[in-house]
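Everything on this sheet refers to the single structure shown next.
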Amino acid sequence: MGIAKRVKEKRIALGLTQVELASRVGISQQSLQKIEDGHTQNPRKLLNLAKALNCQADWLLNGHEDEVREVSSHYQKRIERPLLDAAQLLRSHNLEETLATAKQLFEAPEAASSKAFWYKVIGDSMSNQTGLSIPDGYLVLIEPGLQPTHGSFVLARINKAKEVTFKQLVMDAGQSYLKPLNGHYLPVTLSRDDEIIGVAREVKRSLID
């Protein structure tokens with residue numbers, strides 16, 4: 001997997017459009033498209049791009065995340081945000097109270113807001129054999145303050161079914177759907193009674209159950 005695929009998959013995982021990411025990096029949307037198309041292999045604003053994608057520049061170029069993990073702490077300060085589960089999110093609609101009662105904390109980027117929290121993916125509906133995959137057990141950092149757009153990865157509360165689900169948001173002809181990455185699952189139509197809790201900012205694998 002080259003830089004083109006790493007940039008695109010990381011952008012999609014963060015729920016950003018090409019226009020949004022390009023604006024954060026300080027380049028044009030056309031320049032970003034050339035990176036994702038594979039025409040630009042060594043972007044001139046690589047450090048800005050890595051910062052906007054919450055990852056290391058060496059990983060974007062070479063894909064060797066483990067080799068640069070030790071030095072990343074020197075230039076990217078980390079904080080801790082709580083881990084919430086579906087039961088906690090269903091019991092209370094007051095997020096601040098729910099955050100205050102959380103007992104597990106995980107490291108998060110400094111850019112995470114005071115309302116951000118981690119959510120563990122359950123099941124295989126977001127697993128994919130090809131392309132982007134967010135399998136069972138992965139942690140997603142949810143930002144309640146981010147505005148969801150078409151293509152964003154969101155955490156939603158389905159009130160009629162009394163469940164919380166993590167899916168990709170699809171907006172088409174005035175209707176919104178929650179699309180799984182696993183083709184064996186059907187999209188879920190969002191109704192007026194349902195609620196998008198927040199947008200995914202970052203995805204990582206937890207090594208602790």
Side-chain angles (χ1 to χ4, degrees), residues 9-17 19-21 23-25 50-55 72-73 75-123 125-126 132 134-171 176-181 188 190-209:
E9 289 192 357
K10 191 69 172 172
R11 173 179 64 79
I12 292 174
L14 293 173
L16 298 173
T17 65
V19 173
E20 290 169 334
L21 178 57
S23 176
R24 294 187 184 187
V25 177
K51 183 178 180 180
L53 291 172
N54 294 326
C55 64
S72 66
S73 60
Y75 62 87
Q76 187 177 20
K77 184 179 178 181
R78 308 288 285 188
I79 59 175
E80 289 186 328
R81 299 305 303 145
L83 174 69
L84 301 182
D85 59 27
Q88 289 171 298
L89 292 167
L90 286 171
R91 276 198 302 267
S92 172
H93 285 243
N94 188 321
L95 183 59
E96 291 184 1
E97 289 183 1
T98 306
L99 291 171
T101 61
K103 297 181 179 178
Q104 257 189 308
L105 299 174
F106 285 90
E107 199 176 66
E110 186 181 15
S113 74
S114 60
K115 292 185 178 180
F117 62 90
W118 291 102
Y119 179 82
K120 183 178 286 188
V121 176
I122 304 296
S125 67
M126 294 299 282
L132 180 64
I134 310 175
D136 177 76
Y138 272 55
L139 298 181
V140 288
L141 183 62
I142 302 298
E143 277 284 7
L146 290 181
Q147 179 65 36
T149 59
H150 174 74
S152 296
F153 287 86
V154 301
L155 187 68
R157 183 187 290 113
I158 310 299
N159 289 315
K160 187 175 182 180
K162 295 183 179 180
E163 67 175 90
V164 170
T165 184
F166 176 69
K167 298 287 187 295
Q168 186 174 26
L169 179 65
V170 175
M171 298 177 175
S176 296
Y177 305 88
L178 297 177
K179 177 186 174 184
L181 294 178
V188 176
L190 278 176
S191 72
R192 293 181 180 180
D193 295 328
D194 301 327
E195 176 189 355
I196 292 180
I197 300 171
V199 177
R201 174 189 284 274
E202 181 173 303
V203 179
K204 71 177 182 179
R205 175 66 186 269
S206 171
L207 298 179
I208 302 175
D209 293 329

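Only this structure's heavy atoms are used, side chains among them; waters, hydrogens and symmetry mates stay out. The structure presented is a predicted model; accordingly, all values stated were derived computationally and were not measured.
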Non-hydrogen atoms of Y119 and D85 that approach each other most closely: CE1-C, 4.1 Å
Modelled atom types, side-chain donor and acceptor of E143 and S113, under 3.5 Å: yes
Nearest non-hydrogen partners of I134 and V121, listed with the distance: O-CG1, 3.7 Å
Verdict with reasoning, L190 to I158, per side chain to side chain contact (heavy atoms under 4.5 Å, CB included): CA-CA 8 Å; L190 278 176; I158 310 299; 4.0 Å; yes
Side chain to side chain contact (heavy atoms under 4.5 Å, CB included) assessment of V199 paired with L169: CA-CA 10 Å; V199 177; L169 179 65; over 6 Å; no
Heavy-atom closest contact (G15 atom, E20 atom, distance): O-OE1, 3.9 Å
Criterion side chain to side chain contact (heavy atoms under 4.5 Å, CB included) on L95 and L84, from CA distance to verdict: CA-CA 10 Å; L95 183 59; L84 301 182; 4.1 Å; yes
Stepwise side chain to side chain contact (heavy atoms under 4.5 Å, CB included) test for T98 and R91: CA-CA 9 Å; T98 306; R91 276 198 302 267; over 6 Å; no
Heavy-atom pair with the smallest gap, counting every atom of E9 and L132: OE2-N, 3.7 Å
4.5 Å side-chain heavy-atom contact, L178 and T165: yes
Any L141 side-chain heavy atom under 4.5 Å of P109 side chain: yes
Distance-minimising heavy-atom pair for P180 and M126: CA-SD, 3.8 Å
Exam field: side chain R11 to backbone L16, donor-acceptor pair closer than 3.5 Å: yes
Min side-chain heavy-atom separation V140-F166 under 4.5 Å: yes
